[in-house]
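As structure tokens, the structure follows; a few thoughts come after it.
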Amino acid sequence: MKLCLLLNVIDPKIGGVMIMGDRGTGKSTTVRSLVDLLPEIKVVAGDPYNSDPEDPEFMSIEVRERVLKGEQLEVVFSKINMVDLPLGATEDRVCGTIDIEKALTEGVKAFEPGLLAKANRGILYVDEVNLLDDHLVDVLLDSAASGWNTVEREGISIAHPARFILIGSGNPEEGELRPQLLDRFGMHAQVGTVREAELRVKIVEERGRFDKNPKEFRDSYEAEQEKLQQEITSARSFLASVEIDHELKVKISQVCADLNVDGLRGDIVTNRAAKALSALKGRDRVSAEDIAIVIPNCLRHRLRKDPLESIDSGLLVIEKFYEVFR
């Protein structure tokens, strides 16, 4: 679970993580703690969509027009945003809506950006994603697929970039996720309850320590946190120079083909995740070992469900991996 989250921060194009597991296994806690590790990015000052001053793909239409006019953009550094999407959110709040105050006071049709605008170039976290209303799921699917959010309301027509890392968590007992949404998540992590008594005691003790003195608890891990933050920052800058051999690419695609994975998302995500892992380890070449670590999380949710199959789909992926990679 932690590795999937880190890889997505290193390469947001992996496409997010779906975390499924039992109640009380620390899924939400882990995702929310990711905020402390997020690096800073360049954004255009005063822009509600966190536009990238250099990459036109991540610019809002207004910023793009300013660039074309030859304006000098004011650039600030800002931490990557993490936006929580509550289950009870309305579609207006998620997509954005007409600014009523401006309409009444100034008589102009203005757009008030929603959560998707705030999440551009950041993280959008949906807790209990399998309980999310269908109409909100449709909105998320649309934005995740195109990278843009288009709003057509009360005579307003506006589009803005909405490229975010989609992170969802949920408990499989509370209901399955729609397959088309599941396919939108780049990686899938399965979390089980710890069965080892010693480990359980350690978790309970750590929790007790945190409750007693949160500041002291944080300070005790500060050095490790900073080290990990530096590793992430250097991996992000190093990612572009990581190579993956053609032979390994062929084998990855062979695994996907043998497992009857629909579409090519599985191949693309596995390649990206293996490169991100390699960058995290500080190597410029992907090894078969890197692929072995990431491939179950990239493919387990893409296999066709067989109601009679008792083996976990992650194990099926690993078996097929060793068969192809020998």
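Along the sequence shown, residues carry numbers from 1. This structure is a prediction, so every number in the text was calculated from the model and none was measured.
- Checking L37, T233, I232 one by one against V9, the side chain to side chain contact (heavy atoms under 4.5 Å, CB included) holds for a single residue, I232.
- Counting only distance, with no hydrogens or angles, the side chain of N130 and the backbone of G175 share a donor-acceptor pair below 3.5 Å.
- The CG atom of D92 lies 11.5 Å from the CG atom of L115; values are rounded to the nearest 0.5 Å.
- Between the D55 side chain and the E57 main chain, a donor and an acceptor come within less than 3.5 Å of each other.
- For R163 and F58, the positive end sits near the middle of the six-membered ring, less than 6.0 Å away and at most 45° from its axis.
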* Going through the checks in order, is the side chain to side chain contact (heavy atoms under 4.5 Å, CB included) test met by L140 and L124? -> CA-CA 10 Å; L140 280 187; L124 186 68; 3.4 Å; yes
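- Remark: E40 CD is packed, more than 12 non-hydrogen atoms of other residues, nucleotides or ligands lying under 6.0 Å away.
- When the side chains of ILVMFWY residues are joined at heavy-atom separations under 4.5 Å, either directly or via intervening members, V126 and V31 end up in two distinct hydrophobic clusters.
- Other residues, nucleotides and ligands contribute at most 12 non-hydrogen atoms within 6.0 Å of the NZ atom of K2.
- Hydrophobic clustering (ILVMFWY, side-chain heavy atoms < 4.5 Å, transitive): I14 and V17 are in one cluster.
- Distance check, rounded to the nearest 0.5 Å: CZ of F217 to CZ of R207 gives 9.5 Å.
- Going from atom CG of L166 over to atom CD1 of I123 covers 10.5 Å, rounded to the nearest 0.5 Å.
- For the atom pair CG of D262 and CG of N260, the computed distance is 8.0 Å after rounding to the nearest 0.5 Å.
- Checking side-chain atoms of D52 against main-chain N and O of K42 turns up no donor-acceptor pair under 3.5 Å.
- Summarising the local packing, NE2 of H246 is surrounded by 12 or fewer heavy atoms from other residues, nucleotides or ligands at distances under 6.0 Å.
- Using a 4.5 Å heavy-atom cutoff, the side chains of L34 and Y125 are not in contact.
- Side-chain atoms of K118 do not come within 3.5 Å of backbone N or O of N81 as any donor-acceptor pair.
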* To do: Please report the C-alpha distance between E91 and D133 in whole Å, then the side-chain angles of each, then the deciding distance to 0.1 Å, and finally whether the side chain to side chain contact (heavy atoms under 4.5 Å, CB included) criterion is met.
  => CA-CA 10 Å; E91 201 174 321; D133 275 352; over 6 Å; no
* Apply side chain to side chain contact (heavy atoms under 4.5 Å, CB included) to D47 and M59, showing your working. => CA-CA 10 Å; D47 183 69; M59 279 182 195; over 6 Å; no
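- Of the possible polar contacts, none joining the D284 side chain to the V242 backbone as a donor-acceptor pair under 3.5 Å is found.
- Cluster annotation: I244 and I293 are assigned to distinct hydrophobic clusters (Ile/Leu/Val/Met/Phe/Trp/Tyr, side-chain heavy-atom contacts under 4.5 Å, transitive).
- Here the closest non-hydrogen pair linking V139 and C95 is CG1-SG, 3.5 Å.
- Placement of M187 and M20 in two distinct hydrophobic clusters is found when ILVMFWY residues are connected by side-chain heavy-atom separations under 4.5 Å, directly or transitively.
- We find the CG-CG distance between L6 and L277 to be 10.0 Å, quoted to the nearest 0.5 Å.
- Classification of E323 and K320 as a salt-bridged pair holds, one side-chain N sitting under 4.0 Å from a carboxylate O.
- A 4.5 Å side-chain heavy-atom check between V75 and E54 finds every atom pair outside the cut-off.
- Contact annotation: the side chain of L181 approaches that of V129 to within less than 4.5 Å [non-hydrogen atoms, C-beta and beyond].
- Checking each of D290, V294, I291 against S278 for a side chain to side chain contact (heavy atoms under 4.5 Å, CB included) leaves exactly one that passes, namely D290.
- By the 30° and 60° cut-offs, the orientation of the rings of Y49 relative to H160 is parallel.
- Between F164 and A119 the shortest heavy-atom distance is CB-O, 3.4 Å.
- Under a 3.5 Å cut-off, the side chain of R272 and the backbone N or O of K13 do form a donor-acceptor pair.
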* Decide salt bridge (Lys or Arg N to Asp or Glu O under 4.0 Å) for D267 and K249; before the verdict, give the C-alpha distance in whole Å, the side-chain angles of both, and the deciding distance to 0.1 Å. => CA-CA 8 Å; D267 309 47; K249 286 182 189 172; over 6 Å; no
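- Not one N or O on the side chain of S51 forms a donor-acceptor pair closer than 3.5 Å with the backbone of V44.
- Nearest heavy-atom pair across R236 and P39 is CD-CG, 3.6 Å.
- Residues passing the side chain to side chain contact (heavy atoms under 4.5 Å, CB included) test with R302 are D183, V261, R265, V269, L299, sequence neighbours excluded.
- The environment of E206 atom CD is dense: over 12 non-hydrogen atoms of other residues, nucleotides or ligands sit within 6.0 angstrom.
- Considering all non-hydrogen atoms of both residues, N8 and G15 come closest at OD1-N, 3.6 Å.
- D219 places a side-chain heavy atom less than 4.5 Å from the side chain of E222.
- Annotation: E216, atom CD; neighbour count of heavy atoms from other residues, nucleotides and ligands within 6.0 Å does not exceed 12.
- Between R66 and E62 there is no salt bridge, since no side-chain nitrogen of the basic residue lies less than 4.0 Å from a carboxylate oxygen of the acidic one.
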* To do: Any chance you could lay out the side chain to side chain contact (heavy atoms under 4.5 Å, CB included) test for V43 and R121, step after step, and finish with the verdict?
  => CA-CA 10 Å; V43 296; R121 298 181 69 211; 3.5 Å; yes
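- Side chains of D36 and Q229 form no contact here, defined as non-hydrogen atoms less than 4.5 Å apart.
- Taken together through direct or relayed side-chain contacts under 4.5 Å among Ile, Leu, Val, Met, Phe, Trp and Tyr, Y221 and M1 form parts of separate hydrophobic clusters.
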* Could you go step by step and tell me if E205 and R209 meet the salt bridge (Lys or Arg N to Asp or Glu O under 4.0 Å) rule? -> CA-CA 6 Å; E205 283 174 351; R209 254 183 70 206; over 6 Å; no
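- Atom CD1 of I203 sits about 10.0 Å away from atom OG1 of T25, to the nearest 0.5 Å.
- Remark: side-chain polar atoms of D142 are not paired, donor with acceptor, to backbone N or O of D138 under 3.5 angstrom.
- Without hydrogens or angle criteria, K27 side chain to D22 main chain gives a donor-acceptor distance under 3.5 Å.
- When atom types are taken as modelled, the side chain of N50 and the backbone of N120 share a donor-acceptor pair closer than 3.5 angstrom.
- Residue-environment remark: CZ (R218) stays at or below the threshold of 12 foreign heavy atoms within 6.0 Å.
- Contact detail for A235 and I10: the closest heavy-atom pair is CB-CD1, 3.8 Å.
- L280 is listed as a side-chain neighbour of L3, based on a closest heavy-atom distance under 4.5 Å.
- Within a 6.0 Å sphere centred on CD of E152, heavy atoms belonging to other residues, nucleotides or ligands number more than 12.
- When all heavy atoms of A189 and N297 are compared, the pair lying nearest together is CA-ND2, 3.9 Å.
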